[in-house]
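The chains referred to below are lettered A, B, ... by the order of the sequence lines, with proteins before strands, and numbering in each begins at 1.
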2 protein chains.
Amino acid sequence: MRPSQALRLWQQVMLSQVRDDEPDLTMRQTAILFTIYLDPPPHTVRGLAARLNVTKPVITRALDTMGALKLVSRHRDELDKRNVLIRRTVEGALFVERFGDGIIAKAHELPI
Amino acid sequence: MRPSQALRLWQQVMLSQVRDDEPDLTMRQTAILFTIYLDPPPHTVRGLAARLNVTKPVITRALDTMGALKLVSRHRDELDKRNVLIRRTVEGALFVERFGDGIIAKAHELPI
DNA sequence: GGAAACTGAAACGGAACCGAAACAATTTGC
DNA sequence: GCAAATTGTTTCGGTTCCGTTTCAGTTTCC
């Protein structure tokens with residue numbers, strides 16, 4: 001794949017995200033969501049903040065938003081009750097899966 | 001490319017965007033920027049709004065923001081002075097080009 | 001026990017964004 | 001010439017996000 005094709009693919013996926021009437025996730029929210037679903041658990045607020053190089057409140061608020069959308073869920077760590085473990089949800093897994101399928105679909109539509 | 005690889009690639013590119021300390025573009029701003037640089041000109045506020053299925057003020061505000069970042073520039077259409085023509089800039093072209101190169105670089109780092 | 005360290009969340013003020021509506025400037029149609 | 005239509009911008013009230021700071025709960029280390 002060449003850069004120009006990659007850019008065209010990126011544009012198409014971005015456009016499909018913007019066009020649909022669901023509220024757009026921010027770049028940070030998307031990065032957090034994908035990290036939760038692609039990197040091996042367990043995921044904590046602190047760990048995500050370090051991975052993304054952002055402050056902890058950024059993670060907390062993004063989890064608030066995505067939790068309301070049922071894309072992730074939070075649970076206290078029973079072994080160390082200071083920790084919050086972020087878990088995947090069925091809805092979130094579906095969202096991410098559809099996103100992946102969307103990328104592939106757009107890739108197939110690309111001009112040569 | 002399979003969906004899982006596409007998702008991993010998307011995550012890596014998102015992470016690199018979030019990690020660097022430059023201010024993140026929103027999903028909409030990115031879609032607008034890429035459309036300006038990938039679709040053939042001329043580009044107008046109205047045309048971009050229709051292409052992205054958003055209202056005109058969304059375009060105006062995104063152009064304000066990206067104009068301040070020198071990623072795009074605006075000029076009155078001399079033939080029909082109601083129109084504003086959006087033009088590419090050197091900085092914007094570099095930004096988009098680097099973005100494309102970044103995708104390719106991340107793609108090469110992907111696990112098999 | 002009790003101080004210190006750590007974790008995630010809440011509070012705060014400021015900035016950016018949103019949709020809808022109102023607006024000024026320009027062109028079109030009669 | 002002048003009303004109607006078109007274009008991009010601004011304004012309005014409301015929402016969301018931001019970084020910093022502060023806080024409550026928990027664990028660790030003497």
Near-strand residues of residues 42-55 of chain A, defined as heavy-atom separation under 4.0 angstrom from DNA chain C: T44(A), V45(A), R46(A)
Strand-adjacent residues in residues 59-66 of chain A, judged by heavy atoms under 4.0 Å from DNA chain C: T60(A), R61(A)
R61(B): salt bridge (charged side-chain N to carboxylate O under 4.0 Å, His left out) partners, not counting sequence neighbours: none
Salt bridge (charged side-chain N to carboxylate O under 4.0 Å, His left out) against D101(A), all qualifying residues, sequence neighbours excluded: none
Residue list, side-chain hydrogen bond (donor to acceptor under 3.5 Å, both in side chains) with T60(B), at least two apart or on another chain: none
Show the atom names and distances, to 0.1 Å, of all donor-acceptor pairs under 3.5 Å that link a side chain in residues 40-48 of chain B to residues at least two apart or in another chain.
unit_1: H43(B); atom_1: NE2; unit_2: I36(B); atom_2: O; d: 3.2
unit_1: H43(B); atom_1: NE2; unit_2: D39(B); atom_2: O; d: 3.0
unit_1: T44(B); atom_1: OG1; unit_2: G47(B); atom_2: N; d: 3.0

Test side chain to side chain donor-acceptor pair (under 3.5 Å) applied to Q5(B) and R8(B), step by step: CA-CA 5 Å; Q5(B) 291 174 303; R8(B) 180 67 65 178; over 6 Å; no
Identify all side-chain donor-acceptor contacts of residues 103-112 of chain A below 3.5 Å with residues at least two apart in sequence or on another chain.
none

Pair listing, side-chain hydrogen bond (donor to acceptor under 3.5 Å, both in side chains) test, anchored in residues 77-87 of chain B, at least two apart: H75(B)-R87(B), D80(B)-R82(B)
Residues forming a ring pair (Phe, Tyr, Trp, His ring centres under 6.0 Å) with F99(A), sequence neighbours excluded: F34(A), W10(B)
Under 3.5 Å donor-acceptor, R74(A) side chain and V84(A) backbone: no
Whether T89(A) side chain and S73(A) backbone form a donor-acceptor pair below 3.5 Å: no
Segment of DNA chain C, first to last nucleotide, that comes within the 4.0 Å heavy-atom reach of chain A: dC6(C) to dA11(C)
Separation of T30(B) OG1 from M27(A) CE (nearest 0.5 Å): 4.0 Å
Nearest-0.5 Å distance that lies between atom CE in M66(B) and atom CD1 in I86(B): 9.0 Å
Span of DNA chain D in contact with chain B (heavy atoms, under 4.0 Å): dT6(D) to dT11(D)
DNA chain D contacts among residues 76-84 of chain A, heavy-atom distance under 4.0 Å: L79(A), D80(A), K81(A), R82(A)
Minimum side-chain heavy-atom gap L69(B)-L25(B) below 4.5 Å: yes
4.5 Å side-chain heavy-atom contact, R51(B) and R19(A): yes
Donor on one side chain, acceptor on other, R2(B) and S4(B), under 3.5 Å: yes
Nearest-nucleotide 5' precedence on DNA chain D, R28(A) against K56(B): K56(B)
